[in-house]
Structure formats: C-alpha cells, structure tokens
Protein chains: 2
Amino acid sequence: MASVARITGMTIQTRRERERAERRRLIVTAARELAEAEGWDAVTTRRLAAEIEYSQPVLYSHFKGKGAIMAAVAVEGCAELAVEMRRAREAAPGTRAALAAVAETYTSFARRRPALYDAMFTHLVDLPFATPEAPAALQEAFGQLLAVVTPVTAPEEEPGLVAETFWAALHGLATLMRSGRLPEPAHARRLRLLVDRFAKAGDE
Amino acid sequence: MASVARITGMTIQTRRERERAERRRLIVTAARELAEAEGWDAVTTRRLAAEIEYSQPVLYSHFKGKGAIMAAVAVEGCAELAVEMRRAREAAPGTRAALAAVAETYTSFARRRPALYDAMFTHLVDLPFATPEAPAALQEAFGQLLAVVTPVTAPEEEPGLVAETFWAALHGLATLMRSGRLPEPAHARRLRLLVDRFAKAGDE
DNA sequence: CTCTCATTCCTAGCGTTGCTAGCAAAGGGG
DNA sequence: CCCCTTTGCTAGCAACGCTAGGAATGAGAG
C-alpha cells in the first residue's frame, strides 16, 4: 500500500531536493550579502563557504563555479531592478516624467547596490542577454525601459533600438561615475540632459 | 677639468636613467602587446617578466604593481584615441558629420582594441580622471568630445556636461556590446540614433 | 536490529596569482 | 686593487579557484 508520504509527495527524495534548494538559496543570499557589504573581491570561495558554514566543495555541487554564483545573484538583482523601475514608471504622471523617473531609478540602483549592479552588467558572467533564453527577470527589466521609451520613439525608429541606446547611456553614466571617471555632483544635471535629448516627443 | 661627458650631460647617471627609461618603455610595450594579443588575464607578472627577459621583481622597481602598469598602458591608449578622434573630427564636413565621425571612431576604437579600452575605461586603475591632475592625453581625448559637442549644445546647457553625457552613452554602447549584452549587428543603427538625439542643433 | 551500499560532505592539495624578503653579482669611485 | 653601492636574481609567502579521494552519514534489505 502506498504510504501517506508517497501520496502527499513528501518522500525522502523530495525532502532532499527541498534541502538542496534551501542550501542553494543560502549560498546565493550569502554571496549577495557579502558582495554588497564588502565587494566582490571579498567573495572568495573560502570566505563564502565559511559564511554558509559548509566546506568549499559544497559550492561546486550547486554551481559550476564562482561565475555561476555571481550569475545567480545577478538574476536576483535584475528582478529587483525591474520592480523598482516598474514602480517608478507607473507612478510617473506623464511620458517625460516616466522617462526621467526610470532613468533616476536606474542610476540610483547602480549607486545604492554597486555589487549587485556589477554582477548584472559589468562583470563577465555567462548569462544569455540578447536572446530569448535570457532570464525572465532580465527581460522584464528591459521591458520597463522599452515601455518608457516607446512613446518618445520617432516613427522611423525602432523602440527596441531606442531602449537599448537609452540603456547604454544610463549604463555609461552609472559605471563611469562609480569608477570615479565622472564627477558625482553633476550627476543630476547630466541625467536631466540625457532625458531632454531622448524626450523630444514628450507630452509634458 | 670637467670631462666631455660632464659637459654634454652624458654622465654615468644619465646613462643609467636612460636605460631605466628604456626598460620602462619595454615593460609598458610588452604589457600592451600581450594584453592586446591575449587579453589582460594573460598579462601575469611572471609572463610579463619572461616577455621582457627579466625577473619579476624588476617590474616592481619600475611600477608600484600590476595596476600601475595597466595605468601606463591606459595613458598610451588615451593618446591614440585622442589622435584618432581629432583626425575624424577635422576630416568631417560639418557639425553633425563630426559628431557622427567621432562617435564611430570611439566605438570602433573600443572594438578594435578591447584590451586597451578596458585598461582605459573599465578596469579599476588608479588614474586621476575628472581633476586637473589627469594625464594630458586623457584631457586631450576628452577635449575632442568637447569640441564636437559644443556646437550642438543648447544655450542653457553646459558643453562639459553634454560631452560627459555623450561620452557615457558611447561608453555604454561599447561595453555592453563587447560583453555580449547588446547584439552587434544593430550597432550602426544605435549609433545613428544616438547621434540624432544629440545633434538637434546640427547645421547639416 | 544489523548489514550493505549509495550518497553526502570534508580534508588535503594542486596549480596559479600578485607581491616581497634577502642574498649574490656587477661595476663605478677612492 | 679594494670597498661599497646599486642592480637584479632566487626563493618564498599568502591567497586564489577548483578538484581528487576518502570518511561519515543514513536509507533500504534481510
């Protein structure tokens, strides 16, 4: 006769899989917190292993390597950025305001969560980007840029290209500023200037 | 009586200084060539020492560390980028053409010399950037952006900020494309789009 | 309850990195 | 000719990402 466990799916197998999933989350969360607190240089496999109170090889039974862990953190970051941008866009009163709000949200995110941002967009992590296989969170984030940019796209332009170009500009501002190559104080003015250039068909 | 060497300045001291300067150049050149050929990951201190046919510690008698060597290479790269951009700007027939030509030159440089570009603008090298102490080559490069952007600056805008923002956009395009986050084929159209957005006061 | 076997997880170590201490050799100055 | 400074080497340190191989754990069979 089939046991209750078998009926409800609470077999030993499922318990182990659940524990594995939990530990995987533990790794990703620890990596993220450590990175946000002390930067990615501090996220060594030894340090991370100590943080989760397991030995190093455990990491490699969950991820192919450090890069894969960073990629997992990056996906989390994408989801959060997408949420923040959506909120900013939907709260904005008009087309131009939405463009400005999303731009501000994006660069603010990069500044508030530098480690997260680096994992997502500057470090070399093997994440599929410009393909259908890209993570849903990433596509969602890009979707927000697309939504906010479509109203200011000229008839002869393609919204996708405008979104990509706008994204690139925001990314450039964020990274150059964070590496000290652009002076911080003028950031707001640069951002306003960029929005001006892209919101030529703004309704407000 | 003072020797000929003393009069002409060809003392032992100067010979040594000359030899030191030559070896410094040798290091920088070797680092650059190695980086351009196999990427910065291949530029280890051991490999570089073997390349110049000296031992590792010699490197540290010339530079504070690997970062300082990269910084030296970066300065070289700035000089070359500045030359290329100046040439493009001066050969362009009009304001808008100059803007487009410099933009094309910039992103083309980033694609043709990825290692050089990384040392200049993506890697963390301790180079003074937005200060008067910035290397002359760097200021010259930025000057080209400034020159090409000034004619399309609105009266209420500051050319410096426009140049910085335009630079950031180009940088974003270059880095996101090179890391596979933006699809390459559409690059020309994105560049054209960006130039459109910045050349609103173009004379042609 | 006990034996068996598969899975889990740790200790130990490999090869590499940037960087440095300390000694040997070279070479100009008295 | 000898001293002594300068130069550049050998050897090694601590830390990195990653992996092999064995010990311990725990589920299933008799």
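Order of the sequence lines sets the chain letters (A, B, ...), proteins ahead of strands, with each chain counted from 1.
Atoms CD (B:Glu19) and C1' (C:dA26) sit 13 Å apart, rounded to a whole Å. For A:Arg46 and D:dA15, the CZ to C1' distance is 7 Å, given to the nearest whole Å. D:dA15 atom C1' lies 13 Å from atom CZ of A:Arg47, rounded to whole Å. Taking atom CG of residue B:Asp41 and atom C1' of nucleotide C:dG15, one finds them 16 Å apart after rounding to whole Å. Protein atom NE2 of B:His62 is 13 Å distant from nucleotide atom C1' of D:dT6, rounded to whole Å. Rounded to a whole Å, the CD1 atom of A:Ile52 is 9 Å from the P atom of C:dC10. Atoms NZ (A:Lys64) and P (D:dG17) sit 16 Å apart, rounded to a whole Å. Counting to the nearest Å, the P atom of C:dG18 and the CZ atom of B:Phe63 are 15 Å from each other.
Salt bridge status for B:Glu19 with B:Arg23: absent, with no side-chain N to carboxylate O gap under 4.0 Å.
Across all strands shown, B:Thr44 has heavy atoms under 4.0 Å from sugar-phosphate atoms exclusively, and none from any base. Residue B:Arg23 is classed as a sugar-phosphate contact, given heavy-atom separations below 4.0 Å to backbone atoms only.
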Point to revise | salt bridge (charged side-chain N to carboxylate O under 4.0 Å, His left out) between A:Glu157 and B:Arg197, worked out | key: CA-CA 12 Å; A:Glu157 293 174 338; B:Arg197 300 278 170 169; 2.6 Å; yes
Practice item. Just do the side chain to side chain contact (heavy atoms under 4.5 Å, CB included) check on A:Glu84 and A:Arg112 with the steps written out, would you? Key: CA-CA 12 Å; A:Glu84 286 193 25; A:Arg112 289 193 327 267; 2.7 Å; yes
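Side-chain atoms of B:Gln56 lie closest to C:dG18 of the nucleotides C:dG18, D:dC18, D:dT19. Residue B:Val58 places its side chain closer to D:dG8 than to any other of D:dG8, C:dT20, C:dC9. Listed candidates were D:dC9, C:dC19, C:dC10. Nearest to the side chain of A:Tyr54 is C:dC10. Counting only heavy atoms from C-beta on, A:Ser55 has its side chain closest to C:dT11 among D:dT10, C:dT11, D:dT19.
Taking the six-membered ring where the residue is Trp, B:Phe121 and B:Tyr106 present parallel rings, their angle staying beneath 30° rather than reaching 60°.
For the pair A:Thr45 and D:dC18, the criterion of a side-chain N or O lying under 4.0 Å from OP1 or OP2 is not met.
Under the 3.5 Å distance criterion, the side-chain polar atoms of A:Arg32 are left unmatched by any main-chain donor or acceptor of A:Ala74.
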